[in-house]
Asker: 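Got a structure for you, written out below as structure tokens; questions coming shortly.
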Amino acid sequence: APAQSSLGLLILAGEGAGQDDAAALAWFRAAAAGNDGIGLLYAGLMTWQGRGAPADRAEGERLLQQAARAAEPEIRAEAEGWLASLPARR
């Protein structure tokens, strides 16, 4: 899963090839399926924002909540920060 996240980051940044949100999201989702913290974080953000696929705020928030439970403290902190900044549900 970490290799999938790395590929997602490279594609998202356009390193070595053209920048492609849809392809990056596919790699982040694959990494997230393996419970990779970076994959969960980026898949959550991109899904919530509608980058690479139509926005799905409930799924994006679910992935960010899962990232907030990641093993890596920096991933947890980043996910918690994003969750705190999301508009409140009505």
Side-chain angles (χ1 to χ4, degrees):
Q4 294 164 323
S5 287
S6 295
L7 282 170
L9 290 169
L10 290 171
I11 294 167
L12 186 63
E15 296 289 327
Q19 194 278 338
D20 184 339
D21 281 353
L25 180 57
W27 283 110
F28 290 134
R29 285 180 174 167
N35 208 36
D36 177 76
I38 293 172
L40 289 163
L41 178 67
Y42 278 88
L45 288 172
M46 293 181 75
T47 299
W48 196 90
Q49 296 169 340
R51 290 184 60 190
D56 182 341
R57 292 189 169 181
E59 176 64 6
E61 188 172 339
R62 185 192 71 75
L63 289 165
L64 286 170
Q65 288 170 346
Q66 199 172 342
R69 295 187 300 272
E72 308 92 335
E74 61 278 1
I75 298 297
R76 286 196 312 265
E78 186 77 17
E80 289 166 359
W82 279 104
L83 285 166
S85 73
L86 296 181
R89 285 188 174 187
R90 297 184 177 153

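Values reported hereafter were calculated over all heavy atoms of this structure, with side chains retained and with hydrogens, waters and symmetry mates removed.
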Asker: As a test of understanding, state which of L63, L25, L9 forms a side-chain contact (heavy atoms from CB on, under 4.5 Å) with Y42.
Answerer: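 Only one option passes, and that is L9.
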Asker: When hydrophobic residues are tied together by side-chain contacts of less than 4.5 Å, even through go-betweens, does W48 share a cluster with L83?
Answerer: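 Same cluster: W48 reaches L83 through Ile, Leu, Val, Met, Phe, Trp or Tyr contacts under 4.5 Å.
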Asker: Would R69 and Q65 count as having a side-chain donor-acceptor pair, cut-off 3.5 Å?
Answerer: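 Looking only at side-chain atoms, Q65 and R69 do not form any donor-acceptor pair under 3.5 Å.
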Asker: Should I38 and E72 count as side-chain neighbours, where that means a heavy-atom distance under 4.5 Å?
Answerer: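 When only atoms from C-beta onward are counted, E72 and I38 do not touch, as no gap falls below 4.5 Å.
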Asker: Quick check: closest heavy atoms across G8 and A24, and the distance to 0.1 Å?
Answerer: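 Shortest heavy-atom separation between G8 and A24 comes out as O-CB, 3.5 Å.
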Asker: At what distance, to the nearest 0.5 angstrom, does CD of E80 lie from CD1 of I75?
Answerer: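 Going from the CD atom of E80 to the CD1 atom of I75 covers 11.5 Å.
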Asker: Looking only at heavy atoms, what is the nearest atom pair of S5 and G39, with distance?
Answerer: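 Reported closest heavy-atom pair: OG-N, 3.1 Å.
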Asker: With heavy-atom distances below 4.5 Å as the criterion, would you say the side chains of F28 and L45 are in contact?
Answerer: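 No. Closest side-chain heavy atoms not under 4.5 Å.
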Asker: Is there a donor-acceptor contact under 3.5 Å from the side chain of T47 to the main chain of G44?
Answerer: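 Not a single qualifying donor-acceptor pair exists.
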Asker: Taking side chain as C-beta onward, heavy atoms only, is L86 less than 4.5 Å from L64?
Answerer: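 They are in contact (side-chain heavy atoms under 4.5 Å apart), so the answer is yes.
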Asker: Quick one: do L12 and L7 end up in the same hydrophobic cluster if we chain Ile, Leu, Val, Met, Phe, Trp and Tyr together by side-chain heavy atoms under 4.5 Å apart?
Answerer: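 Shared cluster, no.
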Asker: Check whether any side-chain heavy atom of Q19 sits under 4.5 Å from a side-chain heavy atom of I11, and report yes or no.
Answerer: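 Not touching, per the 4.5 Å side-chain cut-off.
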Asker: Please check this pair: side chain of R76 against backbone of A67, looking for a donor-acceptor N/O pair closer than 3.5 Å.
Answerer: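 Between the backbone of A67 and the side chain of R76 there is no qualifying donor-acceptor contact (under 3.5 Å).
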Asker: Tell me every residue that passes side chain to side chain contact (heavy atoms under 4.5 Å, CB included) with Q4, counting only those two or more places apart in sequence or in another chain.
Answerer: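 Here the qualifying residues are A1, W27, A30, A31.
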Asker: With the side chain counted from C-beta on, respond yes when N35 and Q66 share a heavy-atom pair under 4.5 Å apart, and no when they do not.
Answerer: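 Counting from C-beta outward, N35 and Q66 do come under 4.5 Å.
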Asker: Just verifying a value: how many Å separate M46 CE and D56 CG, rounded to the nearest 0.5 Å?
Answerer: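 Here the interatomic distance stands at 14.0 Å.
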